Colleague: 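Just dropping this structure here.
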2 protein chains.
Amino acid sequence: MRLSTKGRYAVTAMMDLAIHETKGPVTLADISDCQDISLSYLEQLFSKLRRKNLVRGVRGPGGGYQLARPATEITIAAIIAAVDEKVDSTCSEGKEPCGQDQECLTHELWCGLSRQIYSFLDSITLAAFLSRPSVQAVIRRQERDHHRPGIPPVTVA
Amino acid sequence: MRLSTKGRYAVTAMMDLAIHETKGPVTLADISDCQDISLSYLEQLFSKLRRKNLVRGVRGPGGGYQLARPATEITIAAIIAAVDEKVDSTCSEGKEPCGQDQECLTHELWCGLSRQIYSFLDSITLAAFLSRPSVQAVIRRQERDHHRPGIPPVTVA
DNA sequence: CTAATACTTGACTAAATTGCTCGGTTTATC
DNA sequence: GATAAACCGAGCAATTTAGTCAAGTATTAG
């Protein structure tokens with residue numbers, strides 16, 4: 001499990017999709033404009049997200065991206081893992097049979113911690129996060145003030 | 001809050017210190033050997049850890065590093081933050097007054113999540129982690145099998 | 001059909017980060 | 001004073017991040 005700006009981009013973009021879920025697909029160009037990320041970079045990230053079945057692309061005019069599954073079934077951990085896609089040689093899948101015992105010790109300790117972090121992030125779904133009152137407040141405030149009017153609040157099933 | 005191999009090195013090294021707390025200081029050379037990290041890189045990391053008052057260096061022969069505070073008062077978040085020391089321009093301390101509203105939205109959403117991750121890692125102290133039964137089992141197994149004999153199990157106050 | 005829209009792919013690049021080598025300086029112990 | 005360790009800093013190679021550019025392919029409105 002790693003956390004970097006890459007993961008942040010992916011997560012915020014997915015939040016964007018979730019927020020506008022009820023309207024049609026969201027184009028990468030929109031996200032690129034709003035969040036100030038280059039289009040091509042987004043394309044790379046979404047290519048990975050699509051391969052992991054987290055988003056679905058809709059081609060042709062009026063197309064864009066949608067969540068491939070309900071927001072209740074997409075966890076933060078899944079999003080981050082999708083774009084990081086480390087073979088995770090650090091944990092599980094030991095490369096060498098662990099020569100030094102000491103190395104093995106700290107290795108195992110870190111893995112324990114790593115698993116804990118992962119399951120924490122895996123316990124947070126997009127829907128759950130977006131339905132938090134403080135988050136909803138932010139979303140509504142933004143909605144009232146600006147373009148893309150009339151977007152209904154995210155309704156979590 | 002970022003998570004990378006750098007943070008992993010720092011955390012595992014701190015675990016090492018905590019485990020051998022009752023014996024004297026641990027030298028970086030020891031850690032370097034055991035965990036297969038270069039000495040100079042460790043020095044850089046420990047320089048940061050020392051500046052954040054997480055470890056104390058003991059110079060001269062027989063010297064090394066010790067925890068500067070009891071393991072019960074050192075959290076995983078503190079360790080990672082010490083070595084990453086991002087000015088964290090992403091969160092808090094807004095750089096620009098946030099031109100686009102949309103940008104501001106996702107920005108705030110991410111910050112909410114980021115805070116959650118941080119407080120999670122901040123809730124785990126070195127002592128708490130090392131006292132977990134599964135972790136103790138790993139430590140004891142390693143102890144029985146190998147060098148540095150007779151190291152007593154970590155006792156959490 | 002045609003053209004516009006939008007996704008897809010790949011090659012390539014600049015900047016940042018990671019991890020390391022090397023050389024030195026202090027400080028404390030024997 | 002020799003030695004073992006922490007400290008310090010410049011600099012470098014490899015990797016990752018983030019991005020550009022260019023040439024596609026698929027879909028659908030008209």
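The model shown is predicted, which means the values in this text are computed figures rather than measured ones.
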Colleague: Output the rounded distance in Å from CG (B:L42) to P (C:dT21).
Modeller: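 Rounded to whole Å, this separation is 12 Å.
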
Colleague: Once side chain to side chain contact (heavy atoms under 4.5 Å, CB included) is applied, do any residues pair with B:S38, and if so which ones, sequence neighbours excluded?
Modeller: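 Listed in chain order: B:S40, B:Y41.
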
Colleague: Donor-acceptor pairs under 3.5 Å, side chain of residues 52-63 of chain B to any protein atom, not counting sequence neighbours: which ones?
Modeller:
none

Colleague: List every contact pair, protein side and nucleotides 19-23 of chain D side both N or O, where the distance is under 3.5 Å.
Modeller:
{"unit_1": "D:dG19", "atom_1": "O6", "unit_2": "A:Q44", "atom_2": "NE2", "d": "3.2"}
{"unit_1": "D:dT20", "atom_1": "OP2", "unit_2": "A:S38", "atom_2": "OG", "d": "3.1"}
{"unit_1": "D:dC21", "atom_1": "N4", "unit_2": "A:S40", "atom_2": "OG", "d": "3.2"}

Colleague: Ignoring the backbone of B:T27, work out which of C:dA6, C:dT8, D:dA5 is nearest its side chain.
Modeller: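 My answer, after comparing the listed nucleotides, is D:dA5.
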
Colleague: Separation of A:R59 atom CZ from C:dT9 atom P, in whole Å?
Modeller: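 Whole-Å distance recorded here is 8 Å.
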
Colleague: Round to a whole Å and report the spacing from NZ of A:K6 to P of D:dT15.
Modeller: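 My rounded result for the distance is 15 Å.
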
Colleague: So, using ring pair (Phe, Tyr, Trp, His ring centres under 6.0 Å) as the criterion, who are the partners of A:Y118 when residues are at least two apart?
Modeller: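 Residues passing ring pair (Phe, Tyr, Trp, His ring centres under 6.0 Å) with A:Y118: none at all.
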
Colleague: Side-chain contact test, heavy atoms from C-beta onward, threshold under 4.5 Å: evaluate it for B:I117 versus A:I76 and give yes or no.
Modeller: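 Sidechains of A:I76 and B:I117: no contact.
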
Colleague: What is the distance, to the nearest angstrom, from the CD1 atom on B:I80 to the P atom on C:dT18?
Modeller: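 Distance check: B:I80 CD1 to C:dT18 P gives 13 Å.
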
Colleague: Are the side chains of B:L109 and A:L130 in touch, meaning some heavy atoms are under 4.5 Å apart?
Modeller: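 B:L109 vs A:L130: side chains touch.
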
Colleague: Can you identify which nucleotide, out of D:dT3, C:dC7, D:dA6, has its nearest atom closest to the B:P61 side chain?
Modeller: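 From the listed options, D:dT3 comes nearest.
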
Colleague: For A:Q66 and D:dT27, give me the distance from atom CD to atom P, rounded to whole Å.
Modeller: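 Taking CD of A:Q66 and P of D:dT27, I get 15 Å after rounding.
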
Colleague: With a cut-off of less than 4.0 Å, is there a side-chain N or O of A:S4 near OP1 or OP2 of D:dT16?
Modeller: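 No, because none of the side-chain N or O atoms of A:S4 sits under 4.0 Å from OP1 or OP2 of D:dT16.
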
Colleague: Quick check for you: among C:dT18, D:dT28, D:dC7, whose closest atom lies nearest to any side-chain atom of B:T5?
Modeller: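 Looking only at side-chain atoms, B:T5 lies closest to C:dT18.
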
Colleague: Is there a side-chain contact between B:L42 and B:Y65 in this structure, where contact means two heavy atoms from C-beta onward sitting under 4.5 Å apart?
Modeller: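 Answer no - side chains too far apart.
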
Colleague: Is there a side-chain contact between A:M14 and A:V11, using heavy atoms and a 4.5 Å cut-off?
Modeller: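 Heavy-atom side-chain distance check fails, nothing below 4.5 Å.
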
Colleague: Heavy atom of residues 45-58 of chain B under 4.0 Å from DNA chain D: which residues?
Modeller: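 Per residue number, the list reads B:R50, B:G57, B:V58.
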
Colleague: So, using side-chain hydrogen bond (donor to acceptor under 3.5 Å, both in side chains) as the criterion, who are the partners of B:Q116 when residues are at least two apart?
Modeller: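 Testing B:Q116 for side-chain hydrogen bond (donor to acceptor under 3.5 Å, both in side chains), a comparison that skips the adjacent residues, returns A:R132.
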
Colleague: So do B:V83 and B:L49 actually touch side chain to side chain, heavy atoms under 4.5 Å?
Modeller: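 A side-chain contact under 4.5 Å exists here.
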
